[in-house]
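Shown next, in structure tokens, is the structure this report addresses.
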There are 2 protein chains.
Amino acid sequence: MTKLLPTKERIIDIAGDIFGREGFQSATIRKIAEAADANIASINYHFRDKDGLYRAVLEDIFSRTFQKFPAVPLPGNPTDPEERLYVFIHAMFQRFLSHEGWGGFSGRGKLIAREFLDPTPAFEDVVETYIKPQKNILSSILSDLSEGKMDKDRMISCAVSIIGQCVYYAFAGPFIQRIAGNFNINEENLDFLSDHVFQFSLGGIRKIINDAIENNSLTHQEKHS
Amino acid sequence: MTKLLPTKERIIDIAGDIFGREGFQSATIRKIAEAADANIASINYHFRDKDGLYRAVLEDIFSRTFQKFPAVPLPGNPTDPEERLYVFIHAMFQRFLSHEGWGGFSGRGKLIAREFLDPTPAFEDVVETYIKPQKNILSSILSDLSEGKMDKDRMISCAVSIIGQCVYYAFAGPFIQRIAGNFNINEENLDFLSDHVFQFSLGGIRKIINDAIENNSLTHQEKHS
DNA sequence: AGATGAATAAAACATTTGTTTGAAACAGTC
DNA sequence: GACTGTTTCAAACAAATGTTTTATTCATCT
């Protein structure tokens with residue numbers, strides 16, 4: 001058997017798959033070593049221990065994907081807030097679904113989904129470096145869109161609503177398919193999904209803004225009581 | 001030490017907590033047995049094996065919560081589709097966040113989140129019994145709202161957008177707090193969250209319908225190219 | 001060619017963990 | 001009060017899994 005990559009990189013590569021599919025606990029270093037065609041001890045040699053390997057995998061996943069689909073807007077990107085919102089959503093789906101990104105749920109995506117549930121110490125660093133900048137970008141877009149007509153809580157709520165859609169589409173793919181029959185969520189309809197989430201969110205944001213203008217304190221029940 | 005419940009129920013109760021917090025693998029039967037003040041062997045005695053215990057816990061969680069917050073609309077519930085949408089969303093948040101439901105992310109909610117990632121055979125039954133009816137209810141609401149002006153794919157997309165928001169709010173609670181500072185997601189602001197998701201989604205749905213009417217085939221890029 | 005340090009290999013080690021066993025305690029019945 | 005079936009308990013068992021050890025191979029430089 002030919003080994004195209006040096007052992008260390010081969011291990012990181014395979015480990016990403018296996019950690020993703022099976023989770024940290026179930027992914028034994030023996031499985032990883034065998035799949036990477038490497039010796040068990042070489043994992044400890046290169047990464048100190050299983051935790052060290054996982055840390056390396058996580059860092060690798062984020063650094064590569066955010067290099068490919070950067071968080072910082074490129075020069076020449078649109079300045080119109082609506083356009084920027086579309087670009088933001090589209091980039092998010094690219095990272096989640098595209099082959100060059102996390103390859104959807106069945107690939108690395110699952111590993112990241114797990115980090116949402118049980119963040120490891122390694123994920124803390126990732127949040128600071130890669131995810132928090134995203135939050136600032138979205139905040140500025142929403143701020144421009146609302147022109148000061150939304151309070152902070154509503155703005156956060158809208159941000160969560162937008163992110164929530166993307167994340168759910170990306171992570172609950174197999175589940176959605178199980179419930180909704182032939183509704184495919186993968187790289188091929190990345191554009192359709194981006195477009196839907198964009199239009200849906202735009203409608204939602206506008207409604208929240210309008211409601212805030214005409215009546216910014218009453219809840220649904222109060223209005224109908 | 002006094003034991004308020006018989007051993008079997010005490011084990012199910014505690015096991016829900018521990019499975020939720022630590023996941024199936026990390027939740028050892030020794031931890032569970034100790035926390036439930038029961039012998040290790042009694043778990044195997046009552047539930048055959050660890051899988052059997054997990055199955056019992058899952059069934060218990062869903063049956064109790066859906067009995068408390070049923071999926072089937074009660075007689076006397078509103079017939080107006082917008083009102084029905086609000087009720088649907090509110091019930092979902094109740095199940096997710098309320099103490100009598102899954103108690104939010106830190107409680108049983110996490111266990112269910114895990115099932116989205118790695119469905120166990122036991123979850124298949126739960127999907128059929130408890131979750132699929134939900135899908136039919138939401139479908140009928142969206143169908144009434146759109147009055148035949150949305151195709152099937154758009155309707156599913158809207159459904160996913162709505163569910164996605166609720167699920168993300170419920171499951172990513174700690175994560176959101178980490179990113180967005182003091183934005184609390186728990187039982188106390190259940191009404192605020194329901195109201196936001198309702199308004200946001202209503203705006204989104206209306207926009208999707210309008211777009212579908214005036215131009216039901218072009219994507220965002222095509223429209224702007 | 002020889003020396004040096006990095007990388008790999010096979011085996012052994014120490015723990016953890018799900019499960020089983022056989023005896024003891026308990027509850028209800030005749 | 002003896003009998004029977006159920007439940008609990010402590011201990012043992014067997015398999016798995018992360019880690020370490022020791023030896024060997026490989027590459028690089030002098």
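Chain letters run A, B, ... following the sequence lines, proteins first, then strands; residues in each count from 1. Only a predicted model underlies this, so the values are computations on that prediction, with no experimental measurement involved.
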Cationic N near anionic O, under 4.0 Å, R64(B) to D13(B)
yes
Just the atom pairs and distances: protein N or O near nucleotides 15-21 of chain D's N or O, under 3.5 Å.
residue : atom : partner : partner atom : Å
dG18(D) : OP1  : K50(A)  : NZ           : 2.7
dG18(D) : OP2  : I29(A)  : N            : 3.0
dG18(D) : N7   : R30(A)  : NH1          : 2.9
dG18(D) : O6   : R30(A)  : NH2          : 3.0
dT19(D) : OP2  : K50(A)  : N            : 2.9

According to the interplanar angle, ranging from 0 to 90°, do the rings of H90(B) and Y86(B) count as parallel (below 30°), tilted (30 to 60°) or perpendicular (above 60°)?
parallel
Any side-chain N or O of T7(B) less than 4.0 Å from the OP1 or OP2 oxygen of dT8(D)?
yes
Rounded to the nearest angstrom, tell me the gap between atom CG in N39(B) and atom P in dC9(D).
5 Å
Whole-Å distance, L5(B) CG to dT8(D) P, equals 13 Å
Quick one: does K132(A)'s side chain get under 4.5 Å of V127(A)'s, heavy atoms only?
yes
To the nearest angstrom, how far is E22(B) atom CD from dT16(C) atom C1'?
14 Å
Looking at side-chain heavy atoms only, is the closest gap between R114(B) and F123(B) below 4.5 Å?
no
A cation-pi test, strictly: NZ or CZ of R55(B) under 6.0 Å from the centre of the six-membered ring of F47(B) and no more than 45 degrees from its axis. Yes or no?
no
Ring centres under 6.0 angstrom apart (F171(A), F96(A))
yes
Between atom CD1 in I32(B) and atom C1' in dG18(C), what is the gap in whole Å?
12 Å
Can you tell me how far P of dT6(D) sits from NZ of K8(B), to the nearest Å?
13 Å
Does H46(A) have a side-chain nitrogen or oxygen under 4.0 Å from the phosphate oxygens OP1 or OP2 of dA6(C)?
no
Protein-nucleotide distance (E9(A), atom CD; dA7(C), atom P), rounded to Å
12 Å
Between P on dA25(C) and OH on Y45(B), what's the gap in Å once rounded to a whole number?
17 Å
Between dT19(C) atom C1' and F47(B) atom CZ, what is the distance in whole Å?
16 Å
